[in-house]
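Down below is the structure, laid out as C-alpha cells.
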Amino acid sequence: MRPALLNALFAPLTTLPGIGPRLAPLYQRLAGERVVDLLWHLPSGVVDRRFAPKVAEAPSGRVCTLTVRVDAHMPSASRNRPYRVRCSDETGFLHLVFFHGREDWLRRQLPEGEWRVVSGVVEHFNNEVQITHPDHVVPPPERDSIMVVEAVYPLTAGLTARMVAKTVRVALGHAPDLPEWQDPAWLERQGWPSWRQAIEAVHHPDDARAITEDTPARRRLAYDELLANQLALVMVRTHMRKLKGRPLAGDGRLRQAVLAALPFRLTGAQERSLAEIEADMAAPLRMLRLLQGDVGSGKTVVALLAALAAVETGAQAALMAPTEILARQHLATIEPLAAAAGVRVALLTGRDKGKAREALLAAVAAGEVDILIGTHSLFQEDVAFRDLALAVIDEQHRFGVHQRLDLASKGQAVDVLVMTATPIPRTLLLTAYGDMDASRLDEKPPGRQPVDTRALPLGRLEDVVAGVRRAIMGGARVYWVCPLVEDSETSDMAAAEERHRHLTDILGSRVGLVHGRMKSQAKDKVMAAFAAGEVDILVATTVIEVGVNVPEATIMVIEHAERFGLAQLHQLRGRVGRGTAASSCLLLYDAPLSETAKARLEIMRATEDGFRIAEEDLRLRGGGEILGTRQSGLPEFALADLGLHADLLAAARDDARLVLDRDPDLTGPRGQSLRVLLYLFDRDAAVRTLRSG
Ligand code: ADP
Ligand code: MG
C-alpha cells in the first residue's frame, strides 16, 4: 500500500482548485493525471521580472516591471483597432495595448486614477512607449509577488503560461515534507538540498542558468529517480533469483540434428552466446538473460537451439514476438529446421479463433507441441502448457518487464531469454535491465556486404527517384521510408500515401504501401507481395522497422532522415544488406542541418556497428534532442537526463546494491524511507516483491 503521506501527490489533478473537467484533459496531455505529474513538469526557461526602470528609461524588447498611474481608457474605435489604456509615471507615458480587449474587464483591472504595477515586454512604437498585452497587472501592494524570476513551462494548446505556472505553484503547495531517503553523508558531500527544497528550487529558478545548468537541486532529483529505478531493478532481480530454477541439460541430440541440417556454421559470437545460455539453463537457478544482436546477426537460430535444449529434457519452449509478421517469420525459419529433428512447432496468434484455436491449445496442454511461437496472445489466460521450461521473448522493446514475468508464470521455474535487436549502450542497459546477464552477438554471419550509405539533401529527390527507377529496371527491390511528421500516426500515414501516389505516377503499379493504420491482414498481404517480388518498391512508415526479412531488397531510401533517431536509422538500414548483393542506403535530409543532425548522419555513414552507433547516439542527444525513447521502449525519466547524469546512474546502482545487501526487506530506518521513494516514482511492483511489501 502506498504510504498515506503521498496521498495528496497521487490525487487526481481535479482535486486542485480551478481544475475542472474542461482543463483536466489539457493538463493530462501536458503532464499527466496526478498532482505529482505536475511536479515533474519542469520549467523550460525563465522570465526575469526584477528589472523595474522608470518609463522613460525602459528599453525596447526587454521585460520590465513598471509602476504607473492609470490616466485614461481609450476603447477601440473599430473592430481591428486595439483598445488602449494610457498610463504614466513622472518620466513619461506608457500605453497598454489590448487586441479584442473587453472593456468591463479592463476597467476593473485598470481603474482610472489609480496606480498599478504592470509587467511585460516594452516596445517603442510611433514615439510611444507601450506594452502589448502585459503579462501581469497588480495593485502596488502586490508588487513583490511579480518582481521575481518567473518559471516558464512547456505548454499545450488551451493552457496559458500563467495558468500552468499557477497550477504548478498550487501543486507544490500540496507537496509534503518527505522523510530523507538518501544517505546523509552522501547528501552532505554532494551539497544537495532535501527533496522538498529541491523540488521547490527547480520550480523557482533564480535565473536562466538554473534551467540550463545542472544545479544541485536538479541533480538531487535526478539521483532520486535513478535510485528508485535501480532499487526496483535489483529487487525484481533478487526476487527472480530466489524463485527456484531447475537444471535443464539435454543430451544434445536435437541440437546435433539441427546443426547438421543448417546450411551454415555458427559464428563465433553465436557459439559463445549459446554456450552462455546453455550454462544458465543447466544451472539450478532461473535464467534471466538478454541476447543482444543487430538485425541479421542470427538471433533466431540461437533461440531455436536454446529451445531445443529444453525440448531434449522433455519440456516445452515458447517464443514470443512483438508482432504477427515477426511471429510468422520466426515460424518460417524455425519450422523446417525443427522438422529435421522431429520437433513439433506451432503458431498461436490473435487471429486464431474458435475450434482451430481450441484444438491448438489442447495440443499445447497435452505436450504435443514442443515449441509454441506466437505474439502476446501467448500469455492469455487460457493458454496452458504441459511443462513450459523456457520462454524466449523477442522483445524489440515492445514489451514491459511485467509481461516477461507473466509468460514465466506459465510454467514451473521457467528460464527467460530476452532478445533485442536494438543495441543498447551500457548505461541505458543498466536502466532498462539492471544487471541482467547479457550476451552479445557482435559479429555478423559471413558473406554480408557493407551497405553503401549516403546522405543527400531532399532537393535531390527527383535524382533519387530516377536512380531508383533505373535500379528497379535492373531487378532491384527498394524500401522507401517516409518521415515521422509529428507524434501522430495519422500524419505519418498522409505523408506515406502522398509519396506512394507520387511514385506510382512515375513508376507505375508495382509500388506498394504499408503503414501503421492498416489492418494486419492487409499489411501482411503487401509485405508478402514485396517479399515475392510482385511489388518492387515498398513505401512505408516506420512499421517496417520491426522485423521482415527480404534478402532481395537492396536499396533503402529514408526521407527526412534527420527526424529519426540514430537507433531507428540503424534498424531501418538493417533491412537491406541481408543478401549477397551489394546494397545501399540513401538518407535524404532537409537542408540546412543543425550541427548535431550533421554529426548523426555522419556516424551513419561512418559505421554499421550498432553498438557504436548507440553509444554515439546517447552522447549526441545531450540537451534536448529528441530521445526516441518512446519508440524504443526504454524507460523514460522525468527528471534524470542520461546524457547529463550518467555518473549518477552508476552511483545509484552501487547505492541500491549496498542498501539491499544490508537491508534486503527495506525495514530499517533508511529502508522505510526508501519505500516512500519507490512509491513516489511508481515502482509499486518492486515493493510488492518484498516479504512485508
Ligand atoms: P536476427 O533475428 O538476429 O535479425 P536472423 O536470426 O533472422 O537474424 O538471421 C538472419 C539471417 O542470417 C537468416 O537468414 C539466417 O538463416 C542467417 N544466419 C544466421 N546465422 C548464420 C550464420 N552463422 N551463417 C550464415 N547465415 C546465418
Ligand atoms: Mg530475428
Side-chain angles (χ1 to χ4, degrees), residues 2 4 6-47 49 63 75-76 79-80 82-83 85 96-110 116 118-121 131-139 142 145-146 148 150-176 199-200 202-205 211 485-494 517 626 630 636 638-639 679-682:
R2 183 189 304 129
L6 295 175
N7 285 352
L9 287 180
F10 281 79
L13 277 176
T14 46
T15 57
L16 297 181
I19 300 197
R22 193 180 66 81
L23 290 180
L26 302 181
Y27 278 101
Q28 191 174 324
R29 179 143 38 109
L30 184 69
E33 292 176 13
R34 310 159 310 174
V35 174
V36 70
D37 298 320
L38 263 189
L39 296 189
W40 302 159
H41 188 64
L42 299 185
S44 52
V46 295
V47 177
R49 300 197 183 277
V63 173
S76 45
R79 255 148 90 34
N80 41 24
Y83 189 114
V85 180
L96 303 181
V97 179
F98 300 89
F99 290 88
H100 311 292
R102 278 206 356 253
E103 180 161 6
D104 52 339
W105 187 80
L106 288 170
R107 284 197 183 273
R108 252 179 296 145
Q109 296 291 306
L110 295 153
R116 284 292 179 267
V118 299
S119 184
V121 178
I131 296 180
T132 306
H133 293 269
D135 302 319
H136 296 279
V137 177
V138 299
E142 290 172 36
S145 73
I146 61 168
V148 293
E150 198 176 78
V152 177
Y153 292 90
L155 298 177
T156 187
L159 293 175
T160 65
R162 211 188 310 181
M163 288 158 88
V164 173
K166 191 168 146 224
T167 312
V168 172
R169 254 197 320 279
V170 175
L172 275 174
H174 281 62
I199 196 77
E200 292 275 355
V202 293
H203 287 289
H204 293 113
I211 303 288
V485 176
E486 277 160 34
D487 223 0
S488 126
E489 240 175 73
T490 327
S491 30
D492 286 5
M493 184 184 71
R517 284 293 183 83
I626 309 151
R630 191 157 298 144
E636 285 181 73
L639 306 166
Y679 281 111
L680 183 63
F681 286 101
D682 293 299

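From a predicted model like this one, the values you see are computed outputs, not experimental measurements.
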Problem - Result of checking H136, E150, R49 against S119 for side-chain hydrogen bond (donor to acceptor under 3.5 Å, both in side chains) - result: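 With S119 as partner, side-chain hydrogen bond (donor to acceptor under 3.5 Å, both in side chains) holds for just one option, R49.
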Give the minimum heavy-atom separation between [X] and [Y], together with the two atoms involved.
X    : Y    : value
V35  : P12  : CG2-O, 4.1 Å
P134 : V118 : CB-CB, 4.5 Å
A157 : R29  : O-NH2, 4.4 Å
P205 : V46  : CG-CG1, 3.4 Å

What distance do [X] atom [atom1] and [Y] atom [atom2] have between them, rounded to the nearest 0.5 Å?
X    : Y    : atom1 : atom2 : result
L13  : L26  : CG    : CG    : 11.0 Å
Y83  : W105 : OH    : CH2   : 11.0 Å
T167 : I19  : OG1   : CD1   : 4.5 Å
F10  : T15  : CZ    : OG1   : 12.5 Å
L38  : L9   : CG    : CG    : 11.0 Å
F99  : S76  : CZ    : OG    : 10.0 Å

Handout entry: More than 12 heavy atoms from other groups under 6.0 Å of CZ on R108
Key = yes
Is the closest side-chain heavy-atom distance between [X] and [Y] below 4.5 Å?
X    : Y    : result
L23  : M163 : yes
T156 : Y27  : no
Y153 : P43  : yes
F681 : V36  : no
L39  : L172 : yes
H133 : L96  : no

Exercise for the section: Before giving the answer on salt bridge (charged side-chain N to carboxylate O under 4.0 Å, His left out), spell out for R34 and D37 the whole-Å C-alpha distance, their side-chain angles and the decisive distance to 0.1 Å. Expected result: CA-CA 5 Å; R34 310 159 310 174; D37 298 320; 2.9 Å; yes
Exercise for the section: Indicate yes or no for a side-chain donor-acceptor contact from H41 to the backbone of P154 under 3.5 Å, with no hydrogens or angles considered. Expected result: yes
